Amino acid sequence: MKESLIQARLEKLKGLREKGIDPYPARFSRSHTIGEVSAHFSFLKEGEQSGEQVTVAGRLVALRRMGRASFLDLRDGSGKIQVHASAGRLGEERYQELCSSDIGDFIGVRGDVFRTKMGELTVEVAEWSLLSKALRPLPEKWHGLKDIELRYRHRSLDLVANQAVREAFVRRSRMVSAMHRFLDARGFLEVETPMMQPIAGGATARPFVTHHNALDIDLYLRVAPELYLKRLVIGGLERVYELGKSFRNEGVSTEHNPEFTILEIYEAYSDYEGMMSLVEELVVTSAQAAVGSTRITYQENEIDLSPPWQRIGLVQAVEEATGLSLDGVTESDIRKQARKKGIELPEFSHGKLIEHLFERFVEPGLIQPTIVKDYPMDISPLAKRKQGTEGLVERFELFIGGVEIANAFTELNDPIDQRARFEDQERLREAGDDEAQRMDEDFLFALEHGMPPTGGIGIGIDRLAMLFTDSPSIRDVILFPTLRAREVRR
RNA sequence: GGGUCGUUAGCUCAAUUGGCAGAGCAACGGACUCUUAAUCCGUCGGUUGCAGGUUCGAGUCCUGCACGACCCA
């Protein structure tokens with residue numbers, strides 16, 4: 001029974017306290033991290049003594065007792081090292097105390113560095129101290145923690161037990177910091193805009209609602225930072241970005257988590273063509289930082305991220321994939337053609353139909369990086385009309401590995417057109433589309449004072465992290481994915 | 001929301017047709033001064049996710065529920 005495992009450790013804890021040993025001391029000074037010791041003493045040959053002492057600390061992850069001498073493995077954030085302890089060196093009592101440590105305890109040791117006859121770099125313990133007593137056993141040392149529900153609910157254990165998980169989150173962090181450096185170096189200003197908004201705008205999605213007690217108003221968790229970032233461009237902050245959480249009140253899947261991380265970038269005097277080049281460079285730079293290469297493997301597919309990426313028109317791509325002819329054709333024409341080909345279509349409006357056909361027939365095949373451009377206007381209420389076309393806007397989405405990674409526009413800066421687009425969205429809402437965007441008078445007020453020609457892009461950070469870590473599920477790149485609440489384990 | 005699959009010891013997994021719930025690791029006790037998944041001997045550890053039902057007998061079959069995974073919308 002688990003209680004007895006904990007009980008045994010509580011007994012040990014009591015025994016330590018009775019001996020005057022603090023099982024949770026406040027601090028411990030180490031001379032080196034374990035990684036530093038490994039690097040510094042790499043020259044030692046088999047059986048060779050360095051004659052130098054180090055003080056290291058870490059979690060006890062293995063204990064191999066052989067009577068009056070033992071080998072222990074300690075792990076810290078930089079690596080793992082073997083420690084040798086003997087009763088002869090430590091004295092009987094301290095040796096026995098060390099050997100009665102449990103896997104999972106944090107321990108600090110001081111001692112000489114040497115290499116064993118078998119070639120393992122080892123610290124010979126001259127002195128040691130307990131730094132933190134673990135009361136619960138760690139997951140099994142060899143198989144680790146596999147139960148996917150336990151891994152998500154108890155990520156700390158997942159990280160302790162599974163090295164690949166630690167590495168994935170390190171990669172994600174490297175990717176994000178490379179993005180900051182990239183944008184900072186190009187003169188983009190990092191800003192923070194409200195996550196709680198009176199109107200959740202900037203994307204087609206259902207929001208979470210919350211309530212501010214003192215003001216007695218409902219606020220929405222943002223579905224995108226877009227409309228606030230554009231206000232900044234209007235105000236003269238010509239290059240801005242925000243990298244942070246947004247929230248969409250939708251189902252959970254391998255590609256969706258209710259809270260997710262998005263990078264939005266706005267650049268005055270750029271446009272969607274400019275954003276295409278920007279995202280190519282940004283993805284290459286962050287791939288180099290995270291993976292060390294622009295060639296990656298994602299779910300058995302070899303992907304070459306080096307630019308230039310293929311650029312295709314949305315409508316043409318759908319026409320080629322389906323054999324339908326869509327250019328300048330009405331919704332009922334599309335339905336008529338589809339029926340002839342035996343393609344069933346849901347009750348969507350014109351733009352949504354094309355998007356639906358795209359998602360069904362084109363998107364899964366977009367393994368190599370592909371920019372899909374020129375979207376129907378009715379599903380893109382914040383993007384500028386494309387000159388010389390009927391009902392298309394300057395918008396593109398980026399697909400890699402069959403997954404949507406980014407969405408970008410030449411931003412709509414005509415306030416009269418923007419108002420008309422919001423009105424269209426309101427009509428859709430009244431017709432029952434609860435994902436339709438809201439009329440945002442405050443945003444229009446700002447826009448009516450003039451926004452320069454601007455390009456903007458939103459990049460799904462979690463999705464990109466999936467690609468860079470070869471993860472099949474978004475939950476593998478989110479430290480604490482959203483799960484249904486469950487009774488706390490005792 | 002629908003479909004399929006899963007839930008057995010702290011962890012990783014077994015259990016034949018419905019017939020005594022098991023192993024490895026961990027824990028506990030013992031032997032062992034170059035091990036590294038240490039080894040060897042012994043011991044402990046179970047409300048088989050929860051609630052019902054069928055049956056002489058249920059981990060196994062049936063119903064409902066909870067949680068999760070995958071697919072679809």
Side-chain angles (χ1 to χ4, degrees), chain A residues 1-13 15 38 44-49 60-75 79-92 95-96 98-105 114-125 134-154 156-158 160-163 206 249-257 299 344-348 352 355-356 359-360 364 435 471-476 481-490:
Chain A
M1 205 163 101
K2 185 164 192 177
E3 284 307 313
S4 69
L5 294 175
I6 294 171
Q7 206 53 46
R9 296 195 180 201
L10 285 171
E11 290 297 323
K12 283 188 188 176
L13 193 72
S38 302
L44 280 177
K45 294 188 176 64
E46 285 167 16
E48 193 181 356
Q49 301 282 333
L60 181 63
V61 293
L63 172 56
R64 296 178 290 281
R65 288 195 67 165
M66 296 165 306
R68 291 167 50 75
S70 296
F71 288 99
L72 298 79
D73 291 339
L74 286 190
R75 194 170 77 205
K80 192 166 89 172
I81 197 164
Q82 178 168 271
V83 167
H84 183 253
S86 71
R89 182 76 190 267
L90 278 174
E92 199 66 44
Y95 174 73
Q96 290 303 335
L98 178 56
C99 288
S100 65
S101 297
D102 289 299
I103 306 293
D105 291 355
F114 72 106
R115 194 177 291 281
T116 65
K117 291 173 204 163
M118 298 303 290
E120 186 80 22
L121 195 68
T122 303
V123 177
E124 177 65 47
V125 188
L135 296 181
R136 290 179 188 269
L138 291 180
E140 209 254 347
K141 63 180 174 184
W142 187 242
H143 297 95
L145 185 66
K146 286 191 173 168
D147 184 299
I148 206 159
E149 186 174 353
L150 291 182
R151 287 186 45 226
Y152 294 152
R153 286 193 192 278
H154 305 291
S156 49
L157 296 183
D158 190 25
V160 168
N162 298 316
Q163 187 178 357
R206 268 182 289 265
N249 203 340
E250 293 164 358
V252 174
S253 78
T254 49
E255 289 177 21
H256 298 86
N257 196 63
Q299 304 297 293
E344 280 193 40
L345 292 176
E347 287 305 310
F348 286 162
K352 269 197 168 178
E355 191 177 42
H356 169 83
E359 287 170 0
R360 199 160 135 202
E435 288 188 343
S471 299
S473 168
I474 198 169
R475 284 170 229 123
D476 294 327
T482 305
L483 294 177
R484 210 179 286 268
R486 200 173 198 197
E487 275 179 51
V488 177
R489 291 169 72 95
R490 291 301 305 261

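Chain letters run A, B, ... following the sequence lines, proteins first and then strands; every chain starts at 1. The model shown is predicted, which means the values in this text are computed figures rather than measured ones.
For the pair A:Arg484 and B:A66, the criterion of a side-chain N or O lying under 4.0 Å from OP1 or OP2 is not met. Between A:Arg64 and B:A38 there is a side-chain polar atom (N or O) within less than 4.0 angstrom of OP1 or OP2. Applying the 4.0 Å criterion to OP1 and OP2 of B:A69, one finds that A:Arg475 has a side-chain N or O inside that range.
Residue-level contact check: A:Thr122 touches neither bases nor backbone, having no heavy atom under 4.0 Å from any strand. If you check every strand for non-hydrogen atoms under 4.0 Å, A:Arg360 touches nothing. Counting non-hydrogen atoms under 4.0 angstrom, A:Gly144 reaches the backbone sugars and phosphates but no base. Using a 4.0 Å heavy-atom distance criterion, A:Leu157 is classed as making no nucleic acid contact. Backbone-only contact: A:Arg153 has heavy atoms under 4.0 Å from sugar-phosphate atoms and none from a base. Looking at heavy-atom distances under 4.0 Å, A:Lys117 makes contact with a base.
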Taking only N/O atoms, report every protein-nucleotides 25-30 of chain B pair under 3.5 Å with atom names and distance.
residue: B:C25; atom: O2'; partner: A:Glu140; partner atom: OE2; Å: 3.2
residue: B:A26; atom: OP1; partner: A:Lys141; partner atom: NZ; Å: 3.2
residue: B:C28; atom: OP1; partner: A:Lys12; partner atom: NZ; Å: 2.7

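In this structure, B:C28 and B:G42 make a Watson-Crick or G-U wobble pair, each of the two defining distances being under 3.5 angstrom. Pairing for B:C34 is absent, with no Watson-Crick or G-U wobble pair whose two atom distances lie under 3.5 Å. With a cut-off of 3.5 Å on both pairing distances, the Watson-Crick or G-U wobble partner of B:C50 is B:G64. Within the shown strands, nothing qualifies as a pairing partner of B:A15 under the Watson-Crick or G-U definition with both distances less than 3.5 Å. B:G1 and B:C72 make up a base pair, with Watson-Crick or G-U wobble contacts both under 3.5 Å. Under the Watson-Crick or G-U wobble criterion, with both distances below 3.5 Å, B:A58 has no partner in any strand shown.
With C1' as the reference atom, B:G10 and B:A26 are 7 Å apart, rounded to whole Å. Rounded to whole Å, the C1' atom of B:C40 lies 47 Å from the corresponding atom of B:A51. For the P atom pair drawn from B:U8 and B:U48, the interatomic distance equals 11 Å after rounding to whole Å. Separating the P atom of B:G42 from that of B:U4 is a span of 48 Å, rounded to the nearest Å. A gap of 25 Å separates the P atoms of B:C65 and B:A73, to the nearest Å. Comparing the P positions of B:U36 and B:C44 gives a spacing of 28 Å, expressed to the nearest Å. A distance of about 50 Å separates the C1' atoms of B:G52 and B:U39, rounded to the whole Å. Rounded to a whole angstrom, the distance from the C1' atom of B:A21 to that of B:C72 is 38 Å.
Comparing A:Pro346 and A:Arg115 by the nucleotide of RNA chain B whose heavy atom lies nearest to each, the residue mapping closer to the 5' end is A:Arg115. Residues A:Leu145 and A:Met118 each lie close to RNA chain B; by heavy-atom proximity, the contact nearer the 5' end of the strand is made by A:Leu145.
Under the 4.5 Å side-chain criterion, counting only non-hydrogen atoms from C-beta, A:Asp102 is not in contact with A:Leu60.
Not one N or O on the side chain of A:Arg475 forms a donor-acceptor pair closer than 3.5 Å with the backbone of A:Leu483. Under a 3.5 Å cut-off, the side chain of A:Ser253 and the backbone N or O of A:Glu255 do form a donor-acceptor pair. A donor-acceptor pair is defined here as one N or O able to donate and one able to accept, closer than 3.5 Å; such a pair exists between the side chain of A:Asn162 and the backbone of A:Leu145.
Residue side chain A:Ser70 does not reach the base of B:U33 through any donor-acceptor N/O pair under 3.5 Å, judged by distance alone. If you check distances only, the side chain of A:Gln82 does reach the base of B:U35 with a donor-acceptor pair under 3.5 Å.
Listed by chain and residue number, A:Arg68 satisfy the salt bridge (Lys or Arg N to Asp or Glu O under 4.0 Å) test with A:Glu92 (two or more places apart in sequence, or in another chain). A search for salt bridge (Lys or Arg N to Asp or Glu O under 4.0 Å) contacts involving A:Glu149 returns A:Arg153, A:Arg486, not counting sequence neighbours. Take A:Glu120 and apply the side chain to side chain contact (heavy atoms under 4.5 Å, CB included) test, not counting sequence neighbours, and it matches A:Gln82, A:Thr116, A:Thr122. Under the salt bridge (Lys or Arg N to Asp or Glu O under 4.0 Å) criterion, A:Asp476 pairs with A:Arg151, not counting sequence neighbours. The side chain to side chain contact (heavy atoms under 4.5 Å, CB included) search around A:Arg65 returns A:Leu63, A:Ser70, A:Gln96, A:Cys99, not counting sequence neighbours.
Separating the CG atom of A:Leu150 from the C1' atom of B:A9 is a distance of 14 Å, rounded to the nearest angstrom. Atom NE2 in A:His256 sits roughly 13 Å away from atom P in B:A73 (whole-Å rounding). As rounded to whole Å, 12 Å separates atom C1' of B:A14 from atom NE2 of A:His143. Distance, A:Leu98 CG to B:U33 P: 16 Å, rounded to whole Å. The nearest whole Å value for the distance from the CD atom in A:Glu149 to the P atom in B:C70 is 12 Å. Rounded to whole Å, atom P of B:G68 lies 6 Å from atom CG of A:Leu483. Atom CG of A:Leu135 is separated from atom P of B:G10 by 17 Å (rounded to the nearest Å). If you take CE of A:Met66 and P of B:U36, they are 9 Å apart, rounded to a whole angstrom.
Taking the six-membered ring where the residue is Trp, A:Phe348 and A:His356 present perpendicular rings, their angle passing 60° and hence far from 30°.
For A:Thr116, counting side-chain heavy atoms from C-beta on, the closest listed nucleotide (B:C70, B:G68, B:U35) is B:U35. When each of B:C34, B:C32, B:A69 is scored by its nearest atom to the side-chain atoms of A:Phe114, the top-ranked nucleotide is B:C34. When distances run from any side-chain atom of A:Lys146 to the nucleotides B:U33, B:U12, B:A69, the shortest one goes to B:U12.
Of the charged side-chain nitrogens involved, at least one lies within less than 4.0 Å of a carboxylate oxygen, so that A:Arg206 and A:Glu435 count as a salt-bridged pair.
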